[in-house]
Amino acid sequence: MDSGDDKTERKKINWVIGILLLLVVGWLNYDYLVRHMSSNNALIRDFSLKEEEMEKYKEPAVSGVFYSANPEVLSQELGKYLEVGYDLNERKPKMLIVPHAGYKYSAQVAAKAYAELIKYGQHFETVVVVGPSHYEYVKGAVLPTHDYFKTPLGNIALDKQKIEILGQQPGFTKDNKPFVKEHSIEVQLPFLQKTLKNFKIVPILYGQIEPRQLADALSMFLGDEKILLIFSADLSHYYKANEAEVLDAHTARMIDLGNANLSKEMSCGAEGINAALILAQKMQMHARLLDITHSGNVSGDLSKVVGYGAWSFGETETPEKQKTKLEQEVENLKTFVNIYGQDLLTIAEKSLRAAVNGERFRVSRKDYPDVLFDKGASFVTLTKNSKLRGCIGSLMPRQAIADDVAQNARKAALEDPRFKPVKPDEIADLTISISFLSGYEKIEFNSEQELLDQIVQGTDGIVLRDGNRQGLFLPSVWSEVEDKKEFLEELKLKAGMSPGYWSDNIKAYRFRTVEIKKDEN
C-alpha cells in the first residue's frame with residue numbers, strides 16, 4: 001500500500017501537471033482567445049447604419065438613372081459637356097437658372113451655365129441650390145438636417161450656419177423627407193463638384209410658396225460675393241414640339257424683360273425663376289440667355305417634349321490691367337485643369353500601375369474628351385512619404401497632353417536615373433502630381449544680379465542654358481530653397497555648372513505651371 005506521503009506527493013504532481021496542461025492549452029489558444037474576446041458579437045453581414053448616422057448623409061437618389069453612377073465615367077462625361085467653357089464671358093455670375101432633367105437630355109444646356117463658374121471656381125464658398133419638390137407636398141420651403149449630400153464624386157458638406165439662419169425665415173421648415181427621392185437639386189451637384197473648389201451647399205426645396213416670399217428670404221445672400229444662387233427649373237412640359245417652342249420662346253422673352261409672372265404651365269420651377277427675377281431687379285442684374293432647347297431634339301419624339309433653358313445673372317467685371325502673355329496662359333491652364341485635371345490624374349495613375357506591372361497603358365481617344373488630345377507639356381512627379389521618388393517631364397508641347405501625361409508617368413516610375421524603378425508594392429504609398437507648363441518668356445539681363453532681381457521667387461520656373469548645358473527647375477522647387485541665390489546656384493549644378501559659374505553667354509527663360517495632385521478636383 002502506498003503511504004500517505006506518497007499519495008500527497010502524487011496529488012501535488014497531478015496538480016502541477018494539470019496546471020501545466022492548462023497553461024499549454026491557453027498558450028496554444030492565446031491568439032484565438034484574444035481575438036475572440038476583442039470581437040463584438042455582431043456580424044458584419046448584418047451591418048446597417050444607425051438612424052442617427054443615416055441622418056448625417058443624404059444618399060443619391062437618381063445616380064445611375066439621371067446620370068452615371070460610375071465616378072470615372074461621370075467625371076469624363078462632365079468634362080465633355082463643359083468643353084463649352086473655353087468661350088467665357090467677362091463677368092462673374094451671381095445667379096444661374098439651369099434645367100434639372102437627366103443628363104442625356106439637359107446636361108448640354110446646363111453646362112453652358114456651369115462653364116461660367118470655371119474662371120471663378122475658387123471664389124465661391126457657399127452655393128444655395130433652390131429647386132421644386134416633385135414627390136412630396138411642401139407648404140412653403142424646406143431645408144435638410146443632413147451634414148452631407150453624397151454623389152458618385154464624393155460628399156458635399158452643408159453650410160449648417162446659413163441653413164440655421166434660413167430656417168428662421170417665414171415659411172421655412174426643416175424636413176429631410178422631401179429630399180429622399182428628389183432630383184431637382186441632386187443633378188446640379190456633380191456639375192458643381194466639377195467646376196468649384198472647397199464649397200458648401202444650402203439645398204432648398206419649395207412647394208406652395210409665393211415667389212416674393214422666397215426672394216425675400218434669399219435676399220440676405222445678395223451682398224456676399226462668396227455666395228452663388230442656383231435655381232433649378234425646366235420649362236414647358238409635354239406639349240407638342242412646335243407648341244413648346246412658342247411657349248418657351250415667350251418664357252425666354254419674359255425672363256429677358258425681368259417679368260416675374262411665369263406660370264406653372266410655362267415652367268416646372270416657375271416660382272424659383274420668378275424669385276430669381278425679383279432678386280435680379282433688386283440688384284440691377286440682367287439675365288443672359290445661354291441656351292434653350294427641348295427633349296425632342298435628343299429623343300426624336302416631337303409629340304410630347306420638355307423644354308430646357310439656361311440663364312446667368314451677373315455684373316460686368318471692372319477693367320483689370322492688361323495681363324501678360326504668360327499670365328493669360330496660366331489663367332487658361334487653370335481653366336483647363338479645373339475641368340480636365342481629374343481625367344489626367346486618372347490617366348497618370350493607370351499608366352503608372354501598368355508600368356510597374358510590365359505593361360504599357362495607351363490612351364484611347366474614345367474614352368476621353370477631344371480637348372485632351374490638344375498638345376501640351378507636363379511634368380509628372382512621384383513622391384513617397386513626402387520624398388521625391390521620380391520626376392520626368394516635357395519641355396515643349398509636342399504631343400497630345402493625354403499621351404504626354406501617360407508617357408511621363410511611366411518614365412517617372414521606371415526611367416528616372418536617380419532612382420530604382422518603382423515596384424508594385426510601392427504604389428499605395430505614392431502621391432502623383434502633374435505640373436502643366438506655360439510657354440517660355442526670355443529674361444533680359446546683363447549680370448547675375450540683374451537676373452536674380454527679375455526672378456519672381458515662389459512663382460517662376462526657370463530654364464538656364466549655356467551652350468549645350470541646360471537645367472530646369474519647376475516652381476515647386478522654391479519650397480526646398482531659402483532664397484533666389486540658392487535657387488540659382490542649385491539650378492547651375494543641375495545644368496552641369498559650378499555654383500559660382502557665370503558667363504555672358506548664359507540665357508534664362510521663365511515659365512509658370514499649374515499643378516494638381518492625386519485626389520484633388
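The figures here come from the full heavy-atom set of this structure, side chains too, leaving out hydrogens, waters and symmetry mates.
Residue Asn198 qualifies as open at atom CG: its count of foreign heavy atoms under 6.0 Å is 12 or below. Other residues, nucleotides and ligands place no more than 12 heavy atoms under 6.0 Å from the NZ atom of Lys240. No more than 12 heavy atoms of other residues, nucleotides or ligands shown are found within 6.0 angstrom of NZ on Lys375. The 12-atom threshold is not exceeded at CD of Gln122, counting heavy atoms of other residues, nucleotides or ligands nearer than 6.0 Å. Lys282 NZ: more than 12 foreign heavy atoms inside a 6.0 Å radius. Remark: His250 NE2 is loosely packed, at most 12 non-hydrogen atoms of other residues, nucleotides or ligands lying under 6.0 Å away. Within 6.0 Å of CD in Gln161 there are 12 or fewer heavy atoms belonging to other residues, nucleotides or ligands.
Only one option out of Lys334, Glu329, Gln328 pairs with Asn332 in a side chain to side chain donor-acceptor pair (under 3.5 Å); it is Gln328.
Between atom OH of residue Tyr103 and atom CG of residue Leu78 there is a gap of 5.5 Å, rounded to the nearest 0.5 Å. Distance CG/Leu82 to NZ/Lys112: 11.5 Å, rounded to 0.5 Å. Note that CD of Glu243 is 11.5 Å distant from CG of Asp248, once rounded to the nearest 0.5 Å. Here Leu205 contributes atom CG and Ser232 contributes atom OG; the two are 9.0 Å apart, rounded to the nearest 0.5 Å. A distance of 12.0 Å separates CG of Leu430 from OG1 of Thr381, quoted to the nearest 0.5 Å. Expressed to the nearest 0.5 Å, how far OG1 of Thr251 lies from CG of Leu262 amounts to 5.0 Å.
No side-chain donor-acceptor contact under 3.5 Å links Asp343 and Gln76. Ser394 and Asn408 share a side-chain donor-acceptor pair at under 3.5 Å. A donor atom on one side chain and an acceptor atom on the other are not found under 3.5 Å apart for His100 and Gln188. No side-chain donor from either of Asn70 and Ser68 sits under 3.5 Å from a side-chain acceptor of the other. With no hydrogens or angles considered, a side-chain donor-acceptor pair links His183 and Tyr135 at under 3.5 Å. In summary, the side chains of Gln193 and Thr151 do present a donor paired with an acceptor at a separation below 3.5 Å, with no hydrogens or angles considered. The closest side-chain donor-acceptor pair between Lys194 and Ser75 falls under 3.5 angstrom. Side chains of Glu182 and His134: a donor on one and an acceptor on the other come within 3.5 Å. Side-chain contact annotation: Tyr67 with Glu77, donor-acceptor N/O pair under 3.5 Å absent.
Glu327 places a side-chain N or O within 3.5 Å of a backbone atom of Thr324 that can act as its donor or acceptor partner. The backbone N or O of Val306 sits less than 3.5 Å from a side-chain atom of Ser295, completing a donor-acceptor pair. Using a distance-only test at 3.5 Å, with no hydrogens or angles considered, no donor-acceptor pair links the side chain of Trp311 to the main chain of Ala113.
The aromatic rings of Tyr340 and Phe336 lie tilted to each other, with the angle between the two planes from 30° to 60°. Ring pair Tyr81/Phe191 is tilted by interplanar angle, where 30° to 60° counts as tilted.
Figure legend: cation-pi geometry between Arg365 and Phe373, with NZ or CZ positioned under 6.0 Å from the six-membered ring centre and within 45° of its axis. A cation-pi contact, defined as under 6.0 Å to the ring centre and within 45° of the axis, links Lys92 to Phe124.
In this structure, the ring-ring contact (aromatic ring centres under 6.0 Å, His included) partners of Tyr148, at least two apart in sequence or on a different chain, are Tyr57. Under the ring-ring contact (aromatic ring centres under 6.0 Å, His included) criterion, Phe231 pairs with no residue at all, not counting sequence neighbours.
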What verdict does the side-chain contact (heavy atoms from CB on, under 4.5 Å) test give for Asp175 and Glu136, after you've listed the backbone C-alpha separation in whole Å, the side-chain angles of each residue and the deciding distance to 0.1 Å? CA-CA 11 Å; Asp175 186 358; Glu136 296 287 337; over 6 Å; no
Go through the steps for Ser299 and Asp301 under the test side chain to side chain donor-acceptor pair (under 3.5 Å), then give the verdict. CA-CA 5 Å; Ser299 67; Asp301 181 3; 5.4 Å; no
Run Phe199 and Leu228 through side-chain contact (heavy atoms from CB on, under 4.5 Å) and show every step you take. CA-CA 10 Å; Phe199 68 97; Leu228 172 71; over 6 Å; no
Show your reasoning for whether side-chain contact (heavy atoms from CB on, under 4.5 Å) applies to Leu382 and Thr431. CA-CA 6 Å; Leu382 306 178; Thr431 296; over 6 Å; no
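Looking at heavy atoms from C-beta onward, Cys268 lies in side-chain contact with Pro132 at the 4.5 angstrom threshold. The closest side-chain heavy-atom distance from Leu117 to Leu96 is below 4.5 Å. Counting only heavy atoms from C-beta outward, the side chains of Leu344 and Phe436 approach each other to under 4.5 Å. Residues Met95 and Leu279 form a side-chain contact, since some pair of their non-hydrogen atoms from C-beta on lies under 4.5 Å apart. Inter-residue side-chain proximity for Ile118 and Leu196 is flagged as unmet; no heavy-atom pair is nearer than 4.5 Å. By the 4.5 Å heavy-atom criterion applied to side chains, Glu441 and Arg512 are not counted as neighbours. Counting only heavy atoms from C-beta outward, the side chains of Lys104 and Val298 approach each other to under 4.5 Å. Under the 4.5 Å side-chain criterion, counting only non-hydrogen atoms from C-beta, Val130 is not in contact with Leu229.
Between Glu186 and Lys58 a salt bridge is recorded (basic side-chain N to carboxylate O distance below 4.0 Å).
Residue pairs meeting the side chain to side chain donor-acceptor pair (under 3.5 Å) criterion with at least one partner in residues 199-213, sequence neighbours excluded, are Gln208-Lys264.
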